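Note that the structure is a prediction, hence the values are computed from the model and not measured.
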Amino acid sequence: VETDKATIEWEAQEEGYLAKILKGAGSKDIAVGTPVAVLVEEAGSVSAFKNFTGEGAPAATAAPAAAPAAPAPTAAAPAKPSGASFPPHQVLNMPSLSPTMSQGNILEWKKKVGDSVAPGDVYCEVETDKATISWESQEDGFVAQILLQGGSKDVPIGTPAIVLVEDKATLDAFKSFTAADAGAKPAAAAAPAAPTPAPAAAPKPAAAPAAPAAAPRPAAAPAAPGERVKASPYAKKLAAEAGVSLSGIAGTGPEGRVVAADVQQAVASGKAAPAGAAAAAPAATPGAAYVDIPHTQIRRITAQRLLESKTTVPHYYLSMEVAVDSMLAYREDANAARAKEAKISVNDFVVKAAALALKKVPGVNASWHGDFIRQYSGVDISVAVQTPIGLLTPIVKDAHTKRLSDISADVKTLAKKAKEGKLSPAEFMGGTFTISNLGMYGVKQFCAIINPPQAAILAVGGTDKKVVPTKEGGYKEVTTMIVTLSCDHRVVDGAMGAEWLQAFKGYIESPVTMFI
């Protein structure tokens, strides 16, 4: 969709089937709120809309699709209030600031009511599932109202957040503006045509003469406790992510069905009941002192994905002991030559060796998809970093092409940004292989959980000295470390995993081969 500022993708907020497109590609100057497409839940219903033109369609038919704004700062459509209660304005909804974000926390507003904004100004800081990101303005105007306070948590994308106006003189008119006003339907001027009775052959949901275009669908009474709640799949997803119960939300969809806009409205208004309210926090052991630590966005999403990985990905594990004396000697010489520069770590060697092994055994540098296995030509290594708010995996891109000093600089920079919550989405989204190193904590060996959609992760333990027999019949002391490769058996067969470990071992035990 080409807006007044940019070309933006309009993403689906509901599951279903596209029954009819009412506005063809190339249509121009379409008013906000104009019906443009029809969705149905059942594939068998599509044929009934073959001759559907949209004439006389109730405004509520288009409302569920139009209510959630596209998840991007620039995609928040102007929301005209009903009647003439408020001067012209624009409501901006909670944006999707990373590809995997479904909700976020507002940490701090950088603007206040009455402030002017220009493209590039920061509205607020938003904590996503991966990092803290600035929400930047794409518009000129003035802040007329802030609908979500600083500190608001688990706000679904698409929730009304801030109101902008172009005319500063109209600011006073928005003192009483609330989230409910932000959810009002477009004015009647945006309707495509005057309402007409639904034809007899018209398909559902037009079971009665159409109401005027500006009239919203009346909300059904909330479901009684224990009663089954009718809700769209996306509404269920939003409710689960926000931790609220659907049973207390009045539905405005067909036959009282709860749609995404209903959930977003309930969350924004603070009237949604917590999910499982009857089963509150588990009782503590009598007499035991405790502290309940709220989940951060990062920890919650990490928990969800690790659980999904462990329960849906067929893991298996291969361990190998690797001699590291040559690598340690090479590292000592390299650091001596870099007296005034940052030191190269053992982990930098591990990243380089893993990247080269992935080029040598490319089948491990892959990911599983429903109908195919995707094998990557480049090697982007995700490095697990522990931060105060949870585990992050910033990416060393094209690690197979970089020098050790470049890898070392990248890892240090990315780790610092991760701990400060300043990673950009491009710095943590993607990756073709992950390394988790607990050796510095004295851990000898462990098994890591695969980071989907990647096919493998390498767990690196600490070094240890041991005595081994020599070819001459004597004994010598060597330094070794144990590495464990966790593999997705759908992508990496056992022999392939073993071949990769052999390649990795070769590079570590003879580090000069990394640079030939």
Side-chain angles (χ1 to χ4, degrees), residues 11 96 98-102 128-131 237 298 301-320 350-385 390-402 407 410-411 414 418 423-437 446-460 483-504 507:
E11 297 182 358
S96 177
S98 77
T100 59
M101 176 181 170
S102 59
T128 73
D129 57 329
K130 292 291 185 181
K237 179 176 183 290
I298 291 173
I301 298 300
T302 299
Q304 292 174 354
R305 290 181 182 156
L306 290 179
L307 178 62
E308 179 183 358
S309 173
K310 195 62 176 173
T311 55
T312 63
V313 175
H315 286 60
Y316 74 92
Y317 311 94
L318 300 173
S319 295
M320 184 171 285
V350 170
V351 171
K352 180 68 174 180
L356 293 176
L358 288 168
K359 292 300 289 183
K360 198 169 187 178
V361 187
V364 180
N365 194 41
S367 61
W368 174 264
H369 295 265
D371 298 319
F372 56 88
I373 292 173
R374 175 170 293 161
Q375 194 172 111
Y376 301 97
S377 55
V379 178
D380 297 334
I381 301 287
S382 302
V383 180
V385 176
L391 186 68
L392 294 176
T393 53
I395 301 166
V396 179
K397 297 190 175 180
D398 296 318
H400 60 298
T401 66
K402 292 184 175 178
I407 291 174
D410 283 358
V411 170
L414 291 168
L423 287 174
S424 66
E427 292 171 322
F428 60 77
M429 295 304 304
T432 61
F433 184 88
T434 297
I435 293 173
S436 180
N437 190 341
F446 68 103
C447 297
I449 300 175
I450 294 170
N451 182 18
Q454 297 172 12
I457 180 172
L458 184 69
V460 182
V483 295
T484 300
L485 184 68
S486 304
C487 302
D488 181 346
H489 214 322
R490 298 172 300 179
V491 181
V492 182
D493 294 330
M496 183 188 295
E499 185 183 355
W500 185 90
L501 278 174
Q502 286 285 359
F504 175 81
Y507 288 121

Exercise for review: Please check if the side chain of T432 supplies one atom and the backbone of D380 the other of a donor-acceptor pair under 3.5 Å.
Suggested key: yes

Check your understanding: If you look at every heavy atom in A503 and A357, which pair is closest and at what distance?
Key -> CB-CB, 4.0 Å

**Study point:** From I435 atom CD1 to I457 atom CD1, the distance as rounded to the nearest 0.5 Å
**Key:** 9.0 Å

Review point. Atom NE2 of H400 and atom CG of N365: how far apart are they, to the nearest 0.5 Å?
Key: 8.5 Å

**Study point:** Qualifying residue, where the test is side-chain contact (heavy atoms from CB on, under 4.5 Å) with L306 and the options are I301, I449, T311
**Key:** I449

Exercise for review: Taking all heavy atoms of A418 and all of V385, pick out the closest pair and write down the distance.
Suggested key: CB-CG1, 4.3 Å

Review point. Would you call the rings of Y317 and H315 parallel, tilted or perpendicular if under 30° counts as parallel and over 60° as perpendicular?
Key: tilted

Review point. What distance do N451 atom CG and L391 atom CG have between them, rounded to the nearest 0.5 Å?
Key: 8.5 Å

Exercise for review: Please check if atom NZ in K359 has more than 12 non-hydrogen atoms from other residues, nucleotides or ligands closer than 6.0 Å.
Suggested key: yes

Practice item. Taking the side chain as every heavy atom from C-beta outward, state whether V350 and L458 have any atom pair closer than 4.5 Å. Key: yes

Revision key, fill the gap. Heavy-atom closest pair (A455 atom, V492 atom, distance to 0.1 Å) is CB-CG2, 4.1 Å

Point to revise | Beyond-backbone contact of P314 with D488, side-chain heavy atoms, under 4.5 angstrom | key: yes

Check your understanding: What pair of heavy atoms forms the shortest contact from P394 to L414, and how long is it?
Key -> CB-CB, 3.7 Å

Study note, to complete from the structure: Closest non-hydrogen atoms of T484 and S319, given as atom of the first, atom of the second and distance, are OG1-OG, 2.8 Å

Point to revise | V351/D410 under side-chain contact (heavy atoms from CB on, under 4.5 Å): CA gap, chis, key distance, verdict | key: CA-CA 11 Å; V351 171; D410 283 358; over 6 Å; no

Point to revise | Member of Y316, F504, W500 meeting the side-chain contact (heavy atoms from CB on, under 4.5 Å) criterion with L485 | key: W500

Practice item. Measure the shortest side-chain to side-chain distance between S382 and Q454 over non-hydrogen atoms and say whether it is less than 4.5 angstrom. Key: yes

Check your understanding: Under a 4.5 Å cut-off applied to non-hydrogen side-chain atoms, are Y376 and S367 in contact?
Key -> yes

**Study point:** Polar side-chain atom of K352 near backbone of K402 as donor-acceptor pair, under 3.5 Å
**Key:** yes

**Study point:** Side chain proximity check, M320 to Q502, heavy atoms < 4.5 angstrom
**Key:** yes

Check your understanding: Do the non-hydrogen side-chain atoms of F428 and L392 ever get within less than 4.5 Å of each other?
Key -> no

Check your understanding: Do the side chains of V379 and F433 get nearer than 4.5 Å, heavy atoms only?
Key -> no

Review point. So, for Q375 and P362, which heavy atoms are closest and what is the spacing to 0.1 Å?
Key: CG-O, 3.4 Å

